[in-house]
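Just below is one structure, and these are the notes that go with it.
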Amino acid sequence: MSRIALAGLLFALCCGTPARAAPALELVTLQYPPYQYQENGEVKGFAADLVREAFRRLNLAVHISVYPWGRSIAMVTDGRADAIFTLYRTPEREALLDYSNETLAQQEVSLFVRKDSPISSGGRLDALSAYRFGVVRAVSYGVVFDQAVKSGQIKVGEVAASGEQNMDMLLAQRFDILVSNRLGARDILRRRHEEALVRELSPPLEAIPSYMAFARKRSLAGLRQRFDAALAAMKRDGSYARLSAAP
């Protein structure tokens, strides 16, 4: 062995090879403006900003992908993704996923109708049993609405692939009442300049916290605890309020 080769071998044995950076965590979500949405290949929105900041404080890189909601849930359930946001708690989901204790975003669910609709109040779902509702596939709308559907108290007339498609079907009179996160529906109407065509029923159905949830199949309980600690610190130091301020 030459002196140069021997020197190289000794250097490698003494110093080792440089450590490789840990791969980015794979996070999944849905197109859900203004919380999170993909635009020109970039995932934007205040919930995405909150998530990035929490993991930045943990010195962990993340890669966020936007998919149809059912696909995102399946990916984190079977372990192809590390975590998902912004997710409501349901007993079915809690059996499969490890939810953060800290709330990522507080949401309100409301009902929306066409401007010329005779429907005047959304306070009681049992008073709306004669109408057809439009929903997005695989989306939970909270205990109040989900239980009303399961019990047969109200009828789902159409199932859309996205919030935008759901709004299209409301305006096309495919159903009578659209159920949605209120900020999400308002954002769709604002971007499409259709605020005058739709009105929100009062009061909102329910205020619901949403969370980050981690894949149980990847045994990430320790990471979930660290994420909780980072998000709690953001709430204490004011950065959570700054990043989540309504647009």
Side-chain angles (χ1 to χ4, degrees), residues 29-37 44-51 69 72-73 84-91 93-94 99-115 117 119-128 131 133-150 153-154 156 159-160 162-167 169-171 175-192 194-213 231 234-235 240-247:
T29 186
L30 78 165
Q31 187 78 359
Y32 199 42
Y35 296 86
Q36 61 267 349
Y37 58 96
K44 303 178 180 180
F46 70 85
D49 291 341
L50 290 169
V51 167
W69 196 223
S72 286
I73 292 173
I84 184 172
F85 68 98
T86 46
L87 196 69
Y88 295 163
R89 286 185 184 272
T90 70
R93 291 173 178 174
E94 285 193 282
Y99 276 77
S100 62
N101 291 316
E102 290 290 329
T103 299
L104 180 60
Q106 191 74 21
Q107 304 186 30
E108 282 189 314
V109 172
S110 281
L111 302 179
F112 295 82
V113 297
R114 294 181 298 278
K115 190 75 170 183
S117 171
I119 304 170
S120 59
S121 175
R124 290 179 51 198
L125 284 175
D126 59 358
L128 302 173
Y131 300 103
F133 288 75
V135 302
V136 176
R137 183 177 298 110
V139 169
S140 168
Y141 294 97
V143 173
V144 172
F145 186 84
D146 291 354
Q147 287 298 327
V149 172
K150 287 182 181 179
Q153 186 181 67
I154 58 174
V156 171
V159 178
S162 67
E164 286 82 359
Q165 187 183 70
N166 208 26
M167 190 66 71
M169 290 195 289
L170 173 68
L171 294 174
F175 55 82
D176 306 297
I177 304 173
L178 179 145
V179 58
S180 176
N181 168 280
R182 69 189 314 214
L183 284 185
R186 287 176 174 181
D187 186 79
I188 291 169
L189 293 169
R190 178 187 58 79
R191 287 186 286 106
R192 295 170 20 159
E194 293 176 342
E195 296 98 325
L197 302 180
V198 173
R199 57 187 174 84
E200 180 181 355
L201 299 183
S202 182
L205 275 183
E206 190 175 1
I208 310 172
S210 60
Y211 301 86
M212 174 76 77
L231 193 56
M234 290 166 59
K235 293 176 180 179
Y240 179 95
R242 174 177 56 80
L243 290 170
S244 61

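Everything numeric here is computed off the predicted structure, so don't read it as measured data.
With salt bridges taken as basic N to acidic carboxylate O contacts below 4.0 Å, one links Arg89 and Glu94. Between Arg191 and Asp187 there is a salt bridge, with a side-chain nitrogen of the basic residue lying less than 4.0 Å from a carboxylate oxygen of the acidic one.
Within the 4.5 Å cutoff, the side chain of Leu197 has no heavy atoms near those of the Lys115 side chain. A heavy-atom distance below 4.5 Å is not found between the side chains of Ser210 and Leu87. Put simply, the side chain of Ile84 does not reach to within 4.5 Å of the side chain of Met212, judged on heavy atoms. A 4.5 Å side-chain heavy-atom check between Val113 and Leu201 finds at least one atom pair inside the cut-off. With contacts defined as side-chain heavy-atom distances shorter than 4.5 Å, the pair Asn181/Glu108 does not qualify. Inter-residue side-chain proximity for Thr86 and Gln36 is flagged as met; some heavy-atom pair is nearer than 4.5 Å.
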From CA spacing to verdict: side-chain hydrogen bond (donor to acceptor under 3.5 Å, both in side chains), Tyr88, Gln107: CA-CA 9 Å; Tyr88 295 163; Gln107 304 186 30; 3.0 Å; yes
Check against salt bridge (charged side-chain N to carboxylate O under 4.0 Å, His left out), Arg192 and Glu164: CA-CA 10 Å; Arg192 295 170 20 159; Glu164 286 82 359; over 6 Å; no
Worked check of side-chain contact (heavy atoms from CB on, under 4.5 Å) between Leu189 and Arg186: CA-CA 5 Å; Leu189 293 169; Arg186 287 176 174 181; 5.6 Å; no
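When all heavy atoms of Thr103 and Leu231 are compared, the pair lying nearest together is O-CD2, 3.6 Å. Here the closest non-hydrogen pair linking Ile154 and Leu125 is CG2-O, 3.6 Å. The nearest pair of heavy atoms linking Leu50 to Ser244 is CD1-CB, 4.1 Å. Closest approach of Val159 and Val136 over heavy atoms only: CG1-C, 4.4 Å. The minimum heavy-atom distance between Ser140 and Asp146, with the atom names listed, is OG-OD2, 2.6 Å. Contact detail for Arg199 and Ser120: the closest heavy-atom pair is NH1-CA, 4.4 Å.
With sequence neighbours excluded, the residues that form a ring-ring contact (aromatic ring centres under 6.0 Å, His included) with Tyr32 are Tyr35. Phe112 is linked by a ring-ring contact (aromatic ring centres under 6.0 Å, His included) to nothing, counting only residues two or more places apart in sequence or in another chain. Considering only residues two or more places apart in sequence or on other chains, Phe145 meets the ring-ring contact (aromatic ring centres under 6.0 Å, His included) condition with Phe133, Tyr141.
Both tests pass for Lys235 against the ring of Tyr240: distance under 6.0 Å to the centre and angle within 45° of the axis. A cation-pi arrangement is absent between Arg93 and Tyr99, since the terminal nitrogen or guanidinium carbon is not both under 6.0 Å from the aromatic centre and inside a 45° cone about the axis.
For the atom pair Leu170 CG and Glu194 CD, the distance stands at 10.0 Å (nearest 0.5 Å).
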